[in-house]
**Student:** 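Input: one structure, supplied below.
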Amino acid sequence: MTTIPKEITTASGKKLELRELDPGNMLDLIEVAGTAMRSASAGAWMWYAQMICSVDAIDGVPVEMPETKEQVKQLARRIGNDGIVALQAVFYPPKDKNAPEKAVPADVDMETAKN
C-alpha cells in the first residue's frame, strides 16, 4: 500500500483522520472478520474493512480500532456514504489511462463491496 494522507475531507465537509494499519492491526482485523474469512467475498470484506478501519478520528473525535464485525459496521455508518467515497479515492484512486496496470487481487470486487 502506498502512503496515505493524514486527513481527508468528505464532500459534506466531514474530516477523517487516517492511519496506516500495521501488521498487528491487520492480524486483529482478520480475527474480527471471523466467519467472513470463510466466505467467497472474504477478500472484498477485508479490503473494505481495512479502508474503514484506517479512520483514526472523525471531525477530531478519536475512533477506536473495531474489535467486532458489528463495530466495523457501526464505524462504516459513522463514516457515511460520502466518507466511503472519499476513502475509496485514497485507497483505490481512478486509473490513469497512461499509467501501467497495477496488480489487484482477483477476489476483490469493489462494486459489490461498496453496496
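Side-chain atoms are counted along with the backbone in the values below, which use heavy atoms only and exclude waters and symmetry mates.
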**Student:** Sequence neighbours left out, what passes side-chain hydrogen bond (donor to acceptor under 3.5 Å, both in side chains) with Lys69? Give chain and number order.
**Tutor:**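 Checked Lys69 against side-chain hydrogen bond (donor to acceptor under 3.5 Å, both in side chains); matches are Thr35.
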
**Student:** Step through the shown structure and confirm whether more than 12 heavy atoms of other residues, nucleotides or ligands are within 6.0 Å of CD on Glu7.
**Tutor:**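 More than 12 within 6.0 Å, yes.
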
**Student:** Quick one: list whatever passes salt bridge (Lys or Arg N to Asp or Glu O under 4.0 Å) with Asp82, sequence neighbours left out.
**Tutor:**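 Counting only residues at least two positions away or on another chain, Asp82 forms no salt bridge (Lys or Arg N to Asp or Glu O under 4.0 Å).
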
**Student:** Between Cys53 and Met65, does a side chain to side chain contact (heavy atoms under 4.5 Å, CB included) hold up when you go through it step by step?
**Tutor:** CA-CA 6 Å; Cys53 293; Met65 178 74 172; 3.9 Å; yes

**Student:** Considering non-hydrogen atoms only, spot the tightest contact between Gln71 and Glu67 and give its length.
**Tutor:**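 Result for this residue pair: OE1-N, 2.5 Å.
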
**Student:** Using 0.5 Å steps for rounding, measure from the CG atom of Leu16 to the OG1 atom of Thr9.
**Tutor:**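 Going from CG on Leu16 over to OG1 on Thr9, the span is 8.0 Å.
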
**Student:** Would you sort out whether Leu29 and Met46 count as a side chain to side chain contact (heavy atoms under 4.5 Å, CB included), showing the intermediate values?
**Tutor:** CA-CA 8 Å; Leu29 188 54; Met46 280 301 294; 3.9 Å; yes

**Student:** Any chance you could measure Ile8, atom CD1, to Leu18, atom CG, to the nearest 0.5 Å?
**Tutor:**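 Rounded to the nearest 0.5 Å, the CD1-CG separation comes to 5.0 Å.
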
**Student:** Sort and list the pairs that fulfil salt bridge (charged side-chain N to carboxylate O under 4.0 Å, His left out) and have at least one residue in residues 45-62, not counting sequence neighbours.
**Tutor:**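 Sorted pair list: Arg19-Asp56.
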
**Student:** For Glu70, what residues pass the salt bridge (Lys or Arg N to Asp or Glu O under 4.0 Å) criterion, not counting sequence neighbours?
**Tutor:**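 Residues passing salt bridge (Lys or Arg N to Asp or Glu O under 4.0 Å) with Glu70: Arg77.
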
**Student:** Restricting to salt bridge (Lys or Arg N to Asp or Glu O under 4.0 Å), what partner residues turn up for Arg78, sequence neighbours left out?
**Tutor:**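 Arg78 satisfies salt bridge (Lys or Arg N to Asp or Glu O under 4.0 Å) with no other residue.
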
**Student:** Side chains of Thr10 and Val85, heavy atoms from C-beta outward: is any pair under 4.5 Å?
**Tutor:**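 A side-chain contact is absent here, since even the closest heavy-atom pair is not under 4.5 Å.
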
**Student:** So which atom in Ile52 and which in Leu75 form the shortest heavy-atom distance, rounded to 0.1 Å?
**Tutor:**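 Between these two residues, the closest heavy atoms are O-CD2, 3.5 Å.
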
**Student:** Identify each donor-acceptor pair in which a side-chain atom of residues 21-28 lies under 3.5 Å from a protein atom, sequence neighbours left out, and give them as a table.
**Tutor:**
{"residue": "Asp22", "atom": "OD1", "partner": "Gly24", "partner atom": "N", "Å": "2.9"}
{"residue": "Asp22", "atom": "OD1", "partner": "Asn25", "partner atom": "N", "Å": "2.7"}
{"residue": "Asn25", "atom": "OD1", "partner": "Asp22", "partner atom": "N", "Å": "2.9"}

**Student:** Apply side chain to side chain contact (heavy atoms under 4.5 Å, CB included) to Tyr92 and Leu87, showing your working.
**Tutor:** CA-CA 8 Å; Tyr92 311 105; Leu87 287 169; over 6 Å; no

**Student:** If you compare all heavy atoms of Val72 against all heavy atoms of Ala49, which two are closest, and at what distance to 0.1 Å?
**Tutor:**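 Shortest heavy-atom contact: CG1-CB, 4.2 Å.
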
**Student:** In Å, rounded to the nearest 0.5 Å, how long is the span from CE of Met51 to CD of Gln88?
**Tutor:**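 These two atoms lie 4.5 Å from each other.
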
**Student:** Between Trp47 and Phe91, does the ring centroid distance fall short of 6.0 Å?
**Tutor:**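 So the answer is no for these two rings.
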
